[in-house]
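Step one of this worksheet: look at the structure below.
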Amino acid sequence: MLPSRRGRPARVTAFAALLLVTAAAGALAGCGDTGGLRDAGATAAARSPARLWPGLPPASSPAYDIGEVEHARVEGVAVPGGDIRGADPVAAVRAEIAAHPDDYAGTGARYHETSARMADCGTDDPENTGDAEDTEDTARDGCPVLRPYYRDLTGDGRPEMTLGFRLLPGRLTAVRVYTVEKDRLVRVMSYDDAVSAVELAGRAVVVRSPSEVAGYEYRLQWTWDADQRAMLLTSDEMLRADGGGGDGDGHTGRPSPSASPSSSSSASSPSGDAP
């Protein structure tokens, strides 16, 4: 039997109709939007940085020693099993107070009330990890030590401890970060200021402080530096504050790394953190 020819005219007709529909759709689309590129106006010419005072001799050393690198072993605080969650945060603050009596001891010390209120924190308790969601910001009423937070800030898979405590009788807050090296507690960040907020953003510590300029705040960020084995100040900005600016109450002026003890460790050794 010969193949039927009836299907061919139908297919040709359908194909022609499809072409007409496609062309009509294209025409309608063209009426609504011409498409293509649009002129955005003239592009500003790029300018390379202009160096000022090229004859000025470059500085070879910093003008001020502001303790940019903090890497100090904390004596007398146990780290059971090398797990920083087992280290007592209250003991870490007491160790700092004991190491710097000029700042804390006696009524003439600028933070004497912090030292006095440490009695409200009770005895050192290695089980006080402070990582429960319902834990209060302070361990006990009157205790200046704030709740510790634990997060890996160095990228080694083990948590660091971020700790804060009030510097009384003023309105300053001390922010500290501790890690563990060879089963010993090591302080790797130290900063004191009038603090609006402290955040852990990824592996960075962000501190927001009020500015003297209404509607603005300082935003400082510390990130881990493997070469220095410390949290370094990597960003220092003045930004618009959310919901208005601070009034500068208690702020010490342009933020700078803490004037509290900043010392380099007597030995820089590879991390011995426990898993």
Side-chain angles (χ1 to χ4, degrees), residues 65-101 103-104 111 114 118 121 124-131 139 144-165 167 173-193 198 200-207 220-234 256-275:
D65 181 9
I66 57 177
E68 292 175 329
V69 178
E70 176 81 3
H71 188 277
R73 289 180 176 175
V74 181
E75 301 297 335
V77 180
V79 186
D83 184 356
I84 200 166
R85 291 178 182 270
D88 181 17
V90 172
V93 175
R94 284 185 170 140
E96 181 170 327
I97 290 174
H100 303 91
D103 289 332
Y104 297 97
Y111 306 135
T114 294
M118 289 301 293
C121 298
D124 298 342
D125 181 4
E127 299 301 321
N128 180 21
T129 60
D131 57 351
V145 181
L146 305 177
R147 166 190 174 183
Y149 288 84
Y150 300 90
R151 179 180 291 190
D152 177 14
L153 300 175
T154 66
D156 64 357
R158 304 178 181 93
E160 275 63 53
M161 177 172 68
T162 302
L163 181 63
F165 60 96
L167 297 174
T173 300
V175 181
R176 306 287 186 262
V177 174
Y178 301 88
T179 190
V180 176
E181 294 183 1
K182 293 186 175 181
D183 294 342
R184 301 187 67 177
L185 193 66
V186 178
R187 187 172 59 247
V188 293
M189 175 193 157
S190 177
Y191 183 71
D192 303 339
D193 203 351
V198 180
L200 294 179
R203 291 176 180 164
V205 178
V206 177
V207 176
L220 295 91
Q221 176 174 302
W222 283 260
T223 51
W224 175 255
D225 186 279
D227 293 332
Q228 298 296 326
R229 299 204 59 76
M231 302 289 290
L232 298 187
L233 180 62
T234 53
S256 62
S258 168
S260 29
S262 176
S263 58
S264 298
S265 172
S266 56
S268 295
S269 55
S271 174
D273 300 354

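One is the number of the first residue; the rest follow in order along the sequence.
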Output yes when a side-chain donor or acceptor of Arg73 lies under 3.5 Å from a complementary backbone atom of Arg184, and no otherwise. no
Atom pair OH/CD of Tyr111 and Glu96 - distance to nearest 0.5 Å: 10.0 Å
Closest contact, heavy atoms only, Val79 versus Leu185: CG2-N, 3.7 Å
Note: Pro80 and Gly86 closest approach over all heavy atoms is CD-O, 3.5 Å
I need the Glu70 CD to Arg187 CZ distance, nearest 0.5 Å. 4.5 Å
Using atom types as modelled and distance alone, determine if a side-chain donor or acceptor of Asp152 lies under 3.5 Å from a backbone N or O of Thr154. yes
Pair Met118-Val93, side chain to side chain contact (heavy atoms under 4.5 Å, CB included): steps then yes or no: CA-CA 9 Å; Met118 289 301 293; Val93 175; 3.9 Å; yes
What distance do Tyr150 atom OH and Thr162 atom OG1 have between them, rounded to the nearest 0.5 Å? 9.5 Å
Passes side chain to side chain contact (heavy atoms under 4.5 Å, CB included), Leu233 versus Glu68? Steps please. CA-CA 7 Å; Leu233 180 62; Glu68 292 175 329; over 6 Å; no
As a quick check of understanding, evaluate side chain to side chain contact (heavy atoms under 4.5 Å, CB included) for Arg229 and Trp224, giving each step before the final call. CA-CA 7 Å; Arg229 299 204 59 76; Trp224 175 255; 4.0 Å; yes
For Ile84 and Pro159, work out which heavy atoms get closest and say how close. CG2-O, 3.3 Å
Step by step, work out the side chain to side chain contact (heavy atoms under 4.5 Å, CB included) result for Leu146 and Thr173. CA-CA 10 Å; Leu146 305 177; Thr173 300; 4.3 Å; yes
As an exercise, state the distance from CG of Leu220 to CG of Asp193, rounded to the nearest 0.5 Å. 7.5 Å
For the atom pair CD (Glu160) and CZ (Arg203), what is the distance rounded to the nearest 0.5 Å? 9.5 Å
For the student: nearest non-hydrogen atoms of Ala201 and Val206, plus distance: CB-CG2, 4.2 Å
For a 4.5 angstrom cut-off between non-hydrogen side-chain atoms, does Arg176 reach Ser190? yes
Mind checking whether Val186 and Val74 have side chains closer than 4.5 Å, heavy atoms only? no
Can you name the closest pair of heavy atoms from Pro89 and Leu163 and give their distance? O-CD2, 3.6 Å
Heavy-atom pair with the smallest gap, counting every atom of Ala91 and Val77: O-CG2, 3.7 Å
Do Val177 and Trp222 touch side chain to side chain, with heavy atoms closer than 4.5 Å? no
Rounded to the nearest 0.5 Å, what separation is found between the OG1 atom of Thr223 and the CG atom of Leu232? 6.5 Å
